[in-house]
Amino acid sequence: MNKNEISQYLFKKRSAVELSRWLRTVYFPEITTRFNNEEFLKRFALYQNEKIPTNERNLTDVRTRMGVLIEFELARISNDLFHESNVHNIFLSYVVANRFPDLEVRDNSGNRYLRFEIKCLQCKAEEKSANFDTLKKDIDPSSDFVIVCLWDWVDQKNKNIEWDSFPKIFKVFIFHAYSLASLRDTYWLNNPPQDLGEGYQGFDIRYAITCKKGIYSKEQGNYGKLTRIKTKADGFNYSPQETAELIDTENEYNLFKEEIIFLGFKIIAQEKKHLGMNSISLKENGNTYGFKKNHTAFLLSSKLNKKIFHETSFYITNNLTQCIVMTDKYKSTIYKLKNKEIKKIKTDIKPKKIIDFIDPV
DNA sequence: GGGATCGTAAACATGTACCC
DNA sequence: GGGTACATGTTTACGATCCC
């Protein structure tokens, strides 16, 4: 990344699609690499058996706080990078009011160029529902991008810094904000609740408005939840205009949704208390649908073509005695093979409670 | 899919003690 | 009673889930 390149892109002298691709393949990968460096990570890491909350309520708070800190550090790294590249008339500024977006590229005169809304999601969170609810009227198609960072804690020792675990950014996804909002609104407007009554679902000047039995109310905070923007197979009655930015964003969205659900599943399966890091991938046609170690397997239901966990042949072929099958929100069902019969041991339980019902690996 | 929750960070509103 | 300085209570908004 050189001075010329940074100026060209950050001063938005390129099309939205070019910008999207550059942010995705050049700019954010560089920032992420720098973030995932021990000198940075040591400021976030957990040391000397420190514990963070495990109960749902406070776990969420930690995630919220991590989101703010990661956002701040990404901006800081970015500003360092500009300096290194000898770019002094451009910087990322923090938007301190609670409004869209989070970060804005400015020059020393205060002129505004690219704008970033940063969303940080912990992969193994049971429901990834950070929401992007900025209305289209507040989004500038030429400059606004939604940046989604997937992160999680990694239990891995380091020879220089004696931490127990550190937060790693696994992947960053870049969305053209206006296109993401178009996809969101098309899906939402085409899927109103069943009990609208005589009313409609739509927007007022500030919010999404929904309706129940003819009574209007401000939408409850589900609008724009990132993993509910759309499902891959959705056909729209009224499609958004298929611009190059929209197609780019839709592709990125499908990748994002698949990746974060799978990464969260992988992290849970490979936790120390479950299979551990050195488990074996279970694949079909090069597509990983689960992990196994010794006689235990973890399977991601949405990756399976058929319900192999009901078939004794699957257990015999893979030398398994138990399978933990997870939904996209990681609700789990445990099956065990006993006397050539498959029995459902426990169903619909949270990942952290699984351990009580599975045999030691 | 719809709804509820809670930490954080305020802004705004009301209550109370005290001094003059 | 009026003014003032705190103290306490209420409401609002955001963000990120979690629950049913």
Side-chain angles (χ1 to χ4, degrees), chain A residues 52-72 74 94-103 116-135 138 146-153 167 169 173 177 180 183-197 199-202 204-231 233-234 256-257 260-261 263-265 267-268 302 326-332 347-354:
Chain A
I52 49 174
T54 53
N55 67 79
E56 289 78 12
R57 183 59 195 87
N58 302 94
L59 188 60
T60 301
D61 306 337
V62 174
R63 287 174 180 157
T64 305
R65 181 162 165 72
M66 283 299 291
V68 176
L69 291 171
I70 290 171
E71 174 189 322
F72 170 75
L74 294 182
Y94 310 112
V95 176
V96 293
N98 271 318
R99 64 161 175 85
F100 175 84
D102 295 313
L103 305 171
F116 302 136
E117 172 77 8
I118 314 279
K119 304 282 180 192
C120 296
L121 313 187
Q122 186 175 353
C123 299
K124 64 180 265 192
E126 284 153 46
E127 188 172 359
K128 269 68 74 165
S129 41
N131 43 9
F132 173 54
D133 59 0
T134 307
L135 297 185
D138 297 321
V146 177
I147 316 297
V148 179
C149 298
L150 313 190
W151 70 275
D152 217 311
W153 295 102
I169 295 181
F173 289 91
L180 190 64
L183 288 170
R184 173 197 67 195
D185 290 354
T186 306
Y187 183 61
W188 190 68
L189 292 169
N190 276 292
N191 290 279
Q194 298 297 307
D195 51 355
L196 274 175
Y200 299 94
Q201 181 160 272
D204 76 357
I205 194 75
R206 287 185 301 167
Y207 314 114
I209 300 292
T210 190
C211 186
K212 193 172 185 173
K213 294 175 180 155
I215 298 165
Y216 289 95
S217 58
K218 179 175 181 282
E219 199 281 337
Q220 314 88 332
N222 298 307
Y223 170 69
K225 280 182 176 175
L226 282 180
T227 46
R228 299 186 191 181
I229 297 264
K230 65 185 279 292
T231 59
D234 280 330
F256 152 74
K257 196 162 162 182
I260 189 166
I261 290 167
L263 263 179
F265 162 72
I267 287 165
I268 293 167
S302 59
M326 292 190 162
T327 69
D328 284 358
K329 290 185 185 180
Y330 314 134
K331 286 194 172 182
S332 312
T347 191
D348 211 22
I349 49 175
K350 298 167 83 64
K352 67 177 182 181
K353 294 194 172 168
I354 296 175

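Naming convention: chains lettered A, B, ... in sequence-line order (proteins, then strands); numbering from 1 in each chain.
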Could you tell me the separation between the [atom1] atom of [X] and the [atom2] atom of [N], rounded to a whole number of Å?
X	N	atom1	atom2	value
A/L121	C/dT17	CG	C1'	11 Å
A/K331	C/dC20	NZ	P	8 Å
A/L135	C/dC14	CG	P	11 Å
A/M66	C/dT17	CE	P	12 Å
A/N131	C/dG15	CG	P	8 Å
A/W188	B/dG2	CH2	C1'	12 Å
A/R63	C/dC18	CZ	C1'	10 Å
A/Y223	B/dG2	OH	P	14 Å

With A/T327, which residues qualify under side chain to side chain donor-acceptor pair (under 3.5 Å), at least two apart?
none

So does A/R228 reach the base of B/dG2 with its side chain, donor to acceptor, closer than 3.5 Å?
yes

Side-chain N or O of A/K350 versus OP1/OP2 of C/dC19: is the shortest distance under 4.0 Å?
yes

Looking at C/dT17, I'd like to know if its phosphate oxygens (OP1 or OP2) sit under 4.0 Å from a side-chain N or O belonging to A/Y330.
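Answer no for this pair, as no side-chain N or O of A/Y330 is under 4.0 Å from OP1 or OP2.
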
What's the shortest heavy-atom distance between A/R63 and A/A125, and which atoms?
NH1-CB, 3.5 Å

Any donor-acceptor N/O pair, A/Y223 side chain to A/D185 backbone, under 3.5 Å
no

Output all residues satisfying salt bridge (charged side-chain N to carboxylate O under 4.0 Å, His left out) with A/E71, sequence neighbours left out; order by chain, then residue number.
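Partners of A/E71 by the salt bridge (charged side-chain N to carboxylate O under 4.0 Å, His left out) criterion come out as none, since no residue qualifies.
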
